[in-house]
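Excluded from the calculations below are hydrogen atoms, water molecules and symmetry mates; all remaining heavy atoms, backbone and side chain alike, are included.
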Amino acid sequence: MSMLKAELLKLVSDHKPTNVRYEMDELALHNGHRVLRISQYNFQYNAIDLIWTQIKAHAARRNTSPPYSMKEMKTILKKSCEKVTKDDWMKVVQETKTIMFDDFDRDIRIDTMIDNNMVIHVSEMRVGRRAKWSPVEF
């Protein structure tokens, strides 16, 4: 059996559970918040991670002389957090949006090319038998 990627994804979506709900999301919603799930592997899409990187860099530049202690580090981190401004957040959020939109546009172009030109061969195979792949031409 051969399927286009779009057909295979449609088959998967037809069998994927819908309306998955998490208690934590419901609790947040009840308290006026919305949970935004982002990939843990794409830190560049997470403004909080980028700000935290700035805070750690600032703290590292300040933590240069002994004695090193948790109390001193806590003080340095607190001061580093206080250095983050509204403008810092605005810049990071704008940068994050730009990266997301650029990546989205690139992915759409790639997916369109693949969806229109790539055939995925699907077959049942015995355990232990290796798949035989043939080159795909574009």
Side-chain angles (χ1 to χ4, degrees):
M1 169 184 357
S2 295
M3 303 174 95
L4 289 173
K5 179 183 174 189
E7 295 169 327
L8 187 58
L9 289 172
K10 171 82 170 95
L11 184 65
V12 169
S13 72
D14 288 347
H15 293 87
K16 180 180 175 183
T18 57
N19 298 327
V20 177
R21 299 178 75 145
Y22 298 97
E23 288 182 41
M24 187 58 69
D25 294 355
E26 296 298 321
L27 182 62
L29 190 60
H30 179 73
N31 287 289
H33 304 283
R34 183 176 57 123
V35 175
L36 174 64
R37 302 206 179 277
I38 56 177
S39 171
Q40 61 184 350
Y41 303 109
N42 293 319
F43 71 92
Q44 72 272 21
Y45 300 152
N46 187 344
I48 294 170
D49 272 349
L50 298 176
I51 290 292
W52 181 238
T53 299
Q54 288 179 10
I55 291 169
K56 290 189 300 183
H58 183 268
R61 288 190 301 272
R62 301 297 177 270
N63 190 25
T64 57
S65 58
Y68 303 110
S69 68
M70 287 298 286
K71 183 179 178 182
E72 182 64 22
M73 192 66 216
K74 185 176 178 180
T75 303
I76 291 171
L77 280 172
K78 186 174 182 176
K79 288 179 182 177
S80 298
C81 287
E82 291 169 357
K83 294 280 184 187
V84 177
T85 66
K86 182 179 178 180
D87 286 340
D88 292 331
W89 275 104
M90 289 173 60
K91 288 176 190 172
V92 168
V93 168
Q94 186 56 47
E95 178 185 342
T96 302
K97 285 181 180 179
T98 300
I99 292 168
M100 289 174 69
F101 286 124
D102 289 348
D103 287 354
F104 181 78
D105 290 342
R106 183 201 62 228
D107 289 349
I108 291 296
R109 287 191 307 275
I110 291 170
D111 285 349
T112 300
M113 182 186 72
I114 289 173
D115 288 348
N116 293 331
N117 298 299
M118 186 171 158
V119 175
I120 300 171
H121 299 280
V122 181
S123 65
E124 292 186 26
M125 297 185 318
R126 288 182 250 151
V127 175
R129 186 174 175 188
R130 294 186 62 143
K132 295 181 182 176
W133 300 100
S134 54
V136 177
E137 294 182 20
F138 291 97

Euclidean distance, Met24 CE relative to Leu29 CG, rounded to 0.5 Å:
13.0 Å

Lys74 side chain near Met70 side chain, heavy-atom distance below 4.5 Å
no

Could you go step by step and tell me if His58 and Ile55 meet the side chain to side chain contact (heavy atoms under 4.5 Å, CB included) rule?
CA-CA 5 Å; His58 183 268; Ile55 291 169; 5.8 Å; no

Gap separating the CD atom of Gln94 from the CH2 atom of Trp89, nearest 0.5 angstrom:
14.5 Å

With a 4.5 Å heavy-atom cut-off, do Phe104 and Ile108 have their side chains touching?
yes

Find the distance between OG1 (Thr85) and NZ (Lys91) and round it off to the nearest 0.5 Å.
7.0 Å

For atom CZ of Arg34, is the number of surrounding heavy atoms from other residues, nucleotides or ligands below 6.0 Å larger than 12?
no

What residues, two or more places apart in sequence or in another chain, satisfy side chain to side chain donor-acceptor pair (under 3.5 Å) together with Asp102?
none

Any pair with a residue in residues 49-66 that passes salt bridge (charged side-chain N to carboxylate O under 4.0 Å, His left out), sequence neighbours left out, goes on the list, sorted by first then second residue, please.
none

Under the side chain to side chain contact (heavy atoms under 4.5 Å, CB included) test against Thr96, which residue among Val92, Ile99, Thr98 passes?
Val92

Gap separating the OH atom of Tyr45 from the CG atom of Asp103, nearest 0.5 angstrom:
3.5 Å

Do Asp25 and Arg21 meet the salt-bridge criterion of a basic N to acidic O distance under 4.0 Å?
no

If you define the side chain from C-beta out and look only at heavy atoms, does anything of Asn46 sit under 4.5 Å from Trp52?
no

His33 and Asn31: which non-hydrogen atoms are nearest, and at how many Å?
CD2-O, 3.2 Å

Approximate separation, where rounding is to 0.5 Å, of Asn63 CG and Met73 CE:
5.0 Å

Distance from Asp111 atom CG to Leu9 atom CG, nearest 0.5 Å?
8.5 Å

Take atom OH of Tyr22 as the centre, draw a 6.0 Å sphere, and report whether it contains more than 12 heavy atoms from other residues, nucleotides or ligands.
no

Does the side chain of Lys79 come within less than 4.5 Å of Ile76's, by heavy atoms?
no

Check the pair Gln54, Leu50 against side chain to side chain contact (heavy atoms under 4.5 Å, CB included), reporting the backbone distance first and the verdict last.
CA-CA 7 Å; Gln54 288 179 10; Leu50 298 176; 5.7 Å; no

If you count the non-hydrogen atoms of other residues, nucleotides and ligands that lie under 6.0 Å from CD1 in Ile48, is the total more than 12?
no

Using modelled atom types and a 3.5 Å cut-off, is there a donor and acceptor pairing between side-chain atoms of Glu7 and backbone atoms of Leu4?
yes

Would you call Lys83 and Asp88 a side-chain contact if the rule is heavy atoms closer than 4.5 Å?
no

